[in-house]
Novice: 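Have a look at this one.
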Amino acid sequence: MQKVPLMINGELVQSATSSYIDVTNPADNSVIAKAPCATVNEIQQAIKSATQAFESWKNVPVTERARLMMRYQALLKEHHDELATILASETGKTFDDAKGDVWRGIEVVEQAMNVPSLMMGETAENVARGIDTYSYIQPLGVCVGITPFNFPAMIPLWMFPLAIACGNTFILKPSEQDPLTPMRLAELFKEAGAPDGVLNVIHGGKEQVEPLLTDPAVKAVSFVGSVPVGQHIYRTATSNMKRAQCFAGAKNHTVVMPDANKEHVLNNLVGASVGAAGQRCMAISVAVFVGEAQSWIPELAERIATVKPGLWDDKDAGFGPLISPQAKARVLSLIKEGKEQGATCLLDGSDFSVAGYENGNWVGPTVFSDVTTDMDIYKEEIFGPVLCCMAVDTLEDALALVNNSPYGNGTSIFTNSGPAARKYQREVTVGQVGINVPIPVPLPFFSFTGWKNSFYGDLHAYGKQAIRFYSETKTITSRWLEGDIPSGPNLTISMD
Ligand code: NAD
């Protein structure tokens, strides 16, 4: 049985631990590898290695750091299929979707290649007589990333390439449920020429995260995962005087106006709701139909019913199994509660399984209508292939509903009305808005800007905000004396 190595100071090392977590194939729950719970000593070694590597890495010219990212981008593209295969076998995602997971990460590496211009500061000449002011962007030191199971390529790649391109060093603690993909990402980073210690990877669960949140050498913590863990990590990291950005859970609504193009709406909602088995933080889990658009709900359920889950290498599969038996049990229990609490179950995927893989974590596509805000299927993030359909009379009602949600990750509106779209984009209290685009995940030259309970912190992932998150600004005020030296002390705060 393959034991997943750690990466410490550029070396792949087998942990000295006796405690391991099974990495499984979610299609049948067979064990495919064992992830070590790194020891305290190993975590300290990773912190030490990152601390020492920072002393030289911060002095490597920004152009050379950018070139490392160029080589890394080329290697990731070369190994795209291989990475997607590893990713699909440990997550169950279909091969094409796994390729998409890797690709959205490669796009962030492409953004990191632009680091020389992204790290340019500001200048102003002659701000007072003979005085110029300019700023530099400098790295912070050791940064940490804690990542979830659902995008094992994209989310680690949201973090370490940009942090490292800025001149920092990094410790990644990937999800214990699918550590093989991030490990391969780390190996390829070394192959691209990353110096030893610039990227370290440790494995395990919450016990392995804790020391990273309290060690004074760690300057910044990036986290993506569930709300309770995000809140805990934000509180612990900030109370230990670190900066933190914590991306958390979501409940994303789409609003369907009656003037929208019906065909476009139905086609888009199928993939946005049940794609990746609904295990996307930007999945559409609530569709709010306004006025006459409510009559489209049965047809939407019929279309979603045509999507068949299957194995990752089955070309006809629309999506794969859920990540674990626990995730499946949770989703099935929420579906049951939805029925008991009075929602109409138009399509029930509770009893779905794939022939020969009956032990897998399968849940078929599921659609509820007549959902109300007091039901658990509305209040909880289901994180499964379940769409809740709701009905309201007006755009104002839809806005009030969405704005009352404690989450604010993503939302979308389908309409042919410019004024309706503009009202929605202006008034909705959600950080990422799609207009006739169901899942509005921004490309990496923008930032990933969740709000409310979907994000704790202020500077978001990738884009210019990530450069600010992973750096300090140093502002220099300079005077070079020429001719007569001003006489006498200046006892005021003025620069003249
Ligand atoms: P999770 O919170 O269970 O785990 C995330 C990471 O935190 C893992 O590395 C895990 O080992 C670690 N962890 C777990 N418990 C911990 C604890 N008590 N203390 C410290 N670390 C701990 O999340 P998950 O199930 O892997 O991922 C699914 C969740 O992630 C969903 O809620 C989803 O919405 C969210 N997510 C959010 C975004 C976003 O951008 N907002 C993106 C992807 C996923």
Side-chain angles (χ1 to χ4, degrees), residues 4 21 23 26 35-38 43 90-91 93 101 104-105 108 144-159 171-179 181-182 201-214 221-237 240 244-252 276-285 322-324 326-328 330-331 361 380-384 405-411 430-432 439-442 444 447-457 460-463 465-466:
V4 187
I21 299 166
V23 182
C37 295
I43 297 166
E90 63 178 342
T91 61
K93 281 191 191 189
D101 188 330
R104 296 300 304 246
V108 185
V144 157
I146 301 144
T147 54
F149 79 83
N150 68 328
F151 284 101
M154 178 183 83
I155 292 181
L157 291 172
W158 278 7
M159 299 177 182
I171 302 169
L172 176 66
K173 206 302 284 170
S175 170
E176 62 277 32
Q177 300 191 86
D178 45 17
T181 308
V201 186
I202 62 149
H203 297 292
K206 61 180 180 185
E207 286 79 19
Q208 283 62 42
V209 170
E210 228 49 41
L212 299 172
L213 305 179
T214 51
V221 176
S222 301
F223 166 84
V224 180
S226 58
V227 166
V229 180
Q231 291 183 343
H232 165 70
I233 288 185
Y234 190 73
R235 286 198 187 101
T236 313
N240 281 277
Q245 49 171 202
C246 297
F247 299 82
K251 194 84 186 176
N252 305 307
Q279 298 175 115
R280 292 178 179 143
C281 65
M282 287 288 275
I284 292 297
S285 46
L322 296 180
I323 191 70
S324 65
Q326 293 78 3
K328 174 177 172 171
R330 197 178 156 275
V331 171
N361 313 317
E380 297 282 318
E381 180 185 36
I382 302 177
F383 230 52
S405 167
Y407 297 105
N409 217 28
T411 186
V430 174
Q432 302 174 95
I439 301 189
V441 177
S447 296
F448 187 93
T449 52
W451 285 14
K452 299 197 279 188
N453 271 352
S454 299
F455 178 69
Y456 307 105
H460 291 84
Y462 58 76
Q465 293 195 26

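Values below: all heavy atoms of this structure, side chains included; hydrogens, waters and symmetry mates excluded. Indexing begins at 1, ligand by ligand and atom by atom, following the structure's order.
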Novice: Return the residue, atom name and 0.1 Å-rounded distance of the protein heavy atom closest to atom 28 (C) of ligand 1.
Specialist: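 Scanning the protein heavy atoms, the shortest distance from atom 28 (C) of ligand 1 goes to Phe383 CE2, 3.7 Å.
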Novice: Could you tell me the separation between the OG1 atom of Thr91 and the CD atom of Gln177, rounded to the nearest 0.5 Å?
Specialist: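 Thr91 OG1 to Gln177 CD: 11.0 Å, rounded to 0.5 Å.
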Novice: List every atom of ligand 1 that sits less than 4.0 Å from any heavy atom of Lys173, numbering the atoms from 1 in the order shown and giving each element.
Specialist: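 Per the distance check, 8 (C), 9 (O), 10 (C), 11 (O).
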Novice: Can you tell me which residue and heavy atom of the protein come closest to atom 23 (O) of ligand 1, and the distance to 0.1 Å?
Specialist: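 The answer is Ser226 N, 3.5 Å.
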Novice: Using side-chain contact (heavy atoms from CB on, under 4.5 Å), reason through Tyr407 and Lys452 one step at a time and then give a plain yes or no.
Specialist: CA-CA 5 Å; Tyr407 297 105; Lys452 299 197 279 188; 6.0 Å; no
Novice: Which residue supplies the protein heavy atom nearest to atom 31 (C) of ligand 1, what is that atom called, and how far is it?
Specialist: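 Scanning the protein heavy atoms, the shortest distance from atom 31 (C) of ligand 1 goes to Glu381 OE1, 3.5 Å.
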Novice: Students should be able to answer this: which protein heavy-atom is nearest to atom 17 (C) of ligand 1, and at what distance?
Specialist: Lys206 CB, 3.2 Å
Novice: Taking 4.0 angstrom as the limit and counting only heavy atoms of Ser175, give me the atoms of ligand 1 inside it, by number and element.
Specialist: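 Selected atoms, number and element: 9 (O).
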Novice: Once you round to the nearest 0.5 Å, how far does OG of Ser447 lie from CD of Gln465?
Specialist: 4.0 Å
Novice: Considering only heavy atoms, does Thr147 approach ligand 1 within less than 4.0 Å through its side chain, its backbone, both, or neither?
Specialist: backbone
Novice: Got an N/O contact under 3.5 Å between Gln177 and ligand 1?
Specialist: no
Novice: Please tell me if the side chains of Arg280 and Asn252 come closer than 4.5 Å, counting only heavy atoms from C-beta onward.
Specialist: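 With C-beta onward as the side chain, the pair stays apart.
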Novice: Looking at atom 13 (N) of ligand 1, what's its closest protein heavy atom, distance included?
Specialist: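 Ranked first by proximity to atom 13 (N) of ligand 1 is Val229 CG1, 3.8 Å.
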Novice: If the cut-off is 4.0 Å to any non-hydrogen atom of Glu176, which atoms of ligand 1 fall inside it?
Specialist: 8 (C), 10 (C), 11 (O)
Novice: Quick test: of every protein heavy atom, which one is nearest to atom 44 (C) of ligand 1, and how far off is it to 0.1 Å?
Specialist: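 Answer for atom 44 (C) of ligand 1: Asn150 OD1, 3.3 Å.
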Novice: Does the pair Thr181 and Glu90 meet the rule for a side-chain hydrogen bond (donor to acceptor under 3.5 Å, both in side chains), with working shown?
Specialist: CA-CA 8 Å; Thr181 308; Glu90 63 178 342; 2.5 Å; yes
Novice: Identify the protein heavy atom lying closest to atom 40 (O) of ligand 1, giving its residue, its atom name and the separation to 0.1 Å.
Specialist: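 Result for atom 40 (O) of ligand 1: Phe448 CE2, 3.1 Å.
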Novice: Report, in ascending order of atom number, the atoms of ligand 1 lying under 4.0 Å from any heavy atom of His232.
Specialist: 19 (N)
Novice: Evaluate the side-chain proximity of Lys173 to Val144: yes if any heavy-atom separation is below 4.5 Å, no if none is.
Specialist: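 Sidechains of Lys173 and Val144: no contact.
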Novice: Just jot down the ligand 1 atoms closer than 4.0 angstrom to any heavy atom of Phe223, in number order.
Specialist: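 Ligand 1 atoms under the 4.0 Å threshold to Phe223: 2 (O), 5 (C), 6 (C), 7 (O).
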Novice: Which class fits the ring pair Trp158 and Phe448: parallel under 30°, tilted 30 to 60°, perpendicular over 60°?
Specialist: tilted
Novice: Under 4.0 Å from a heavy atom of Trp158: which atoms of ligand 1 are those, numbered in the order shown and with their elements?
Specialist: 40 (O)
Novice: Counting C-beta onward and ignoring hydrogens, is there a side-chain heavy-atom pair between Phe247 and Thr147 closer than 4.5 Å?
Specialist: no
Novice: Among all protein heavy atoms in this structure, tell me which lies nearest to atom 26 (O) of ligand 1, with the distance rounded to 0.1 Å.
Specialist: Phe149 N, 3.0 Å
Novice: Scan the protein's non-hydrogen atoms and note whether one is under 4.0 Å from atom 2 (O) of ligand 1.
Specialist: yes
Novice: For Ile146 and ligand 1, does the shortest N/O to N/O distance drop below 3.5 Å?
Specialist: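 No, Ile146 has no N/O under 3.5 Å of an N/O on ligand 1.
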Novice: Regarding Lys93 and the six-membered ring of Phe151, is the cationic atom NZ or CZ under 6.0 Å from the ring centre and inside 45° of its axis?
Specialist: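 Geometry flag: set, cation within 6.0 Å and 45°.
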Novice: Need the ligand 1 atom indices (1-based, order shown) with element for anything under 4.0 Å from a heavy-atom of Ile155.
Specialist: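 Those of ligand 1 that fall under 4.0 Å from Ile155 are 42 (C), 43 (C).
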Novice: Evaluate the side-chain proximity of Met159 to Val224: yes if any heavy-atom separation is below 4.5 Å, no if none is.
Specialist: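 In short, these two side chains touch, coming nearer than 4.5 Å.
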Novice: As an exercise, state the distance from SG of Cys37 to NZ of Lys206, rounded to the nearest 0.5 Å.
Specialist: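 Between Cys37 SG and Lys206 NZ, I get 11.5 Å after rounding to 0.5 Å.
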Novice: With distance as the sole test, does Ser454 use its side chain to make a donor-acceptor pair with the main-chain N or O of Gly249 at under 3.5 Å?
Specialist: yes
Novice: Is it the side chain (CB and beyond), the backbone, both or neither of Phe455 that lies under 4.0 Å from ligand 1, heavy atoms counted?
Specialist: neither
Novice: Taking atom 29 (C) of ligand 1 as the point of reference, which of Pro152, Ala248, Gly225, Pro148 owns the nearest heavy atom?
Specialist: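 Residue with the shortest heavy-atom distance to the ligand atom: Gly225.
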Novice: Near Val224, which atoms of ligand 1 are under 4.0 Å from a heavy atom of that residue?
Specialist: 5 (C), 36 (N), 37 (C), 38 (C), 39 (C), 42 (C), 43 (C), 44 (C)
Novice: Which value, rounded to the nearest 0.5 Å, describes the distance between Lys251 atom NZ and Ile382 atom CD1?
Specialist: 4.0 Å
